[in-house]
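Heads up: the structure comes next, in structure tokens.
Here the structure is a predicted model, which means the values were calculated and not measured. Worth knowing before you read on, the calculation uses all heavy atoms, side chains too, and leaves out hydrogens, waters and symmetry mates.
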Protein chains: 2
Amino acid sequence: MKRDSRLSGVLHVLLHMAEQGTPMTSEQLARAMQTNAVVVRRILGGLREAGFVHSEKGHGGGWTIARDLAAITMRDVYDAIGRPRLMAMGNRTEAPGCLVEQAVNAALDDGFRDAEALLLVRFGEVTLAALAADFHARLAARNLTAQEHIHG
Amino acid sequence: MKRDSRLSGVLHVLLHMAEQGTPMTSEQLARAMQTNAVVVRRILGGLREAGFVHSEKGHGGGWTIARDLAAITMRDVYDAIGRPRLMAMGNRTEAPGCLVEQAVNAALDDGFRDAEALLLVRFGEVTLAALAADFHARLAARNLTAQEHIHG
DNA sequence: GTTTCATGTAACTTTAAATAGTACGTGAAA
DNA sequence: TTTCACGTACTATTTAAAGTTACATGAAAC
């Protein structure tokens, strides 16, 4: 399967949206994410339902952040896009009759469960405000302003 | 992409191999794994190079365990099959010019790194002997012997 | 020695899951 | 009433694992 980059992509466009202030269209966000506008709408749909972003149709419409960046964590965003699978590996058979396979699956699942739990805790510790702050630190390190940072 | 079940599959056949004692052919192992003999050979090839299993051609040939089960961990097996990707998610762009995306990637990568490290530690704590013991405990719980446990 | 069995491997096809794209409907502003 | 922008159903493409075919190699049986 393809690698899932929805979380990476949506966090990226959320921060751009926050920097912008004014509504951004799916087309603009798609350019930043180097993808299609429909993909953007699809992913942001979940965030809208969760109340993190707002969308307007028609002239001057587009997407805006609907909540303080400090009140949104990466975990919230992960949940909002539908909690996609985290682990690339799985069991060959989910409910095996073979007792050998049951023993193997149990051991693997233990590890996967712990790793997923840790990952979600980590995600819950990072707010979008923290990401924005990191972005501004990176700008400062290069003696740039947000205006000068054209998307590439 | 399809979900990666190589680790699950190879652990399964390794334990069957150990239970058997005598060499098992790729065909036999493939039946247990419900897959193709070539797939089995492909995966076991890595284990052979790592010295965990031995293979013989010709009459009476097949695969045997080449080391004490207590001396092989799930981590060893994971390494031997080529350390496949553990996380299902990745960054949209690996080396982005966009500083926003750099900030996002850095945060995500932190989490992924920690989760992968934990998973590998867990894998390193489980030996094949422990898995075999768990299998026998499951047999005992059902009042069966290994002989009676026909593969299903 | 030649037949049979089994691994070793390259090349190709199929499949599952994410991503990309097309088409068209809806509602708001110009 | 035209244009813009989201909403969404449907289809196509892409990626990596899994499956398959074909054939070479080497060992044991006869």
Quick one: is [X] getting a side-chain N or O under 4.0 Å of the [N] phosphate, OP1 or OP2?
X	N	answer
A:S26	D:dC6	yes
B:T35	D:dG19	yes
B:R6	D:dA17	yes
B:R42	C:dA11	no
B:S5	D:dA18	yes
A:R48	D:dG7	yes

*asked:* Assigning hydrophobic clusters by single linkage (Ile, Leu, Val, Met, Phe, Trp, Tyr; side-chain heavy-atom cutoff under 4.5 Å), is B:L69 placed with A:V104?
replied: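 Both belong to a single hydrophobic cluster.
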
*asked:* I'd like to know if A:F123 and B:L118 are part of one continuous hydrophobic network [Ile/Leu/Val/Met/Phe/Trp/Tyr, side-chain heavy atoms within less than 4.5 Å].
replied: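 No; tracing contacts between hydrophobic side chains, which count when under 4.5 Å, never links both residues.
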
*How would you label the contact of B:E56 with the nucleic acid (heavy atoms, under 4.0 Å): base, sugar-phosphate, or nothing?*
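The answer is sugar-phosphate, as B:E56 gets under 4.0 Å only of primed atoms, P, OP1 or OP2.
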
Nucleotide nearest [X] (side chain, heavy atoms from C-beta), chosen from [options]:
X	options	value
A:N36	C:dG8, C:dT22, C:dA29	C:dT22
B:K57	D:dT21, D:dG26, D:dA17	D:dG26
A:R41	D:dA17, C:dA30, D:dG7	D:dG7
B:V38	C:dT22, C:dA18, C:dT9	C:dT9
A:T25	D:dA18, C:dA20, D:dA5	D:dA5
B:S55	C:dA18, D:dA29, C:dT7	C:dT7

Answer with yes or no whether the side chains of [Y] and [X] bring together a donor and an acceptor at under 3.5 Å.
X	Y	result
B:R41	B:S26	yes
A:E101	A:T93	yes
A:H12	B:Q102	no

Rounded to the Å, how far apart are [X] [atom1] and [N] [atom2]?
X	N	atom1	atom2	answer
B:W63	D:dA27	CH2	C1'	15 Å
A:H59	D:dC6	NE2	P	12 Å
A:H54	D:dG7	NE2	C1'	14 Å
A:E49	D:dT8	CD	C1'	12 Å
B:I43	C:dG8	CD1	P	14 Å
B:L7	D:dA18	CG	C1'	16 Å
B:L44	C:dT9	CG	P	13 Å
A:L29	D:dG7	CG	C1'	16 Å

*Find out whether A:L29 and A:T35 are in side-chain contact, i.e. whether some heavy atom of one side chain is under 4.5 Å from a heavy atom of the other.*
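No, their side chains stay 4.5 Å or more apart.
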
*With DNA chain D as reference, determine whether B:P84 or A:G58 sits nearer its 5' end, using the nearest nucleotide of each.*
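Closer to the 5' end of DNA chain D: A:G58.
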
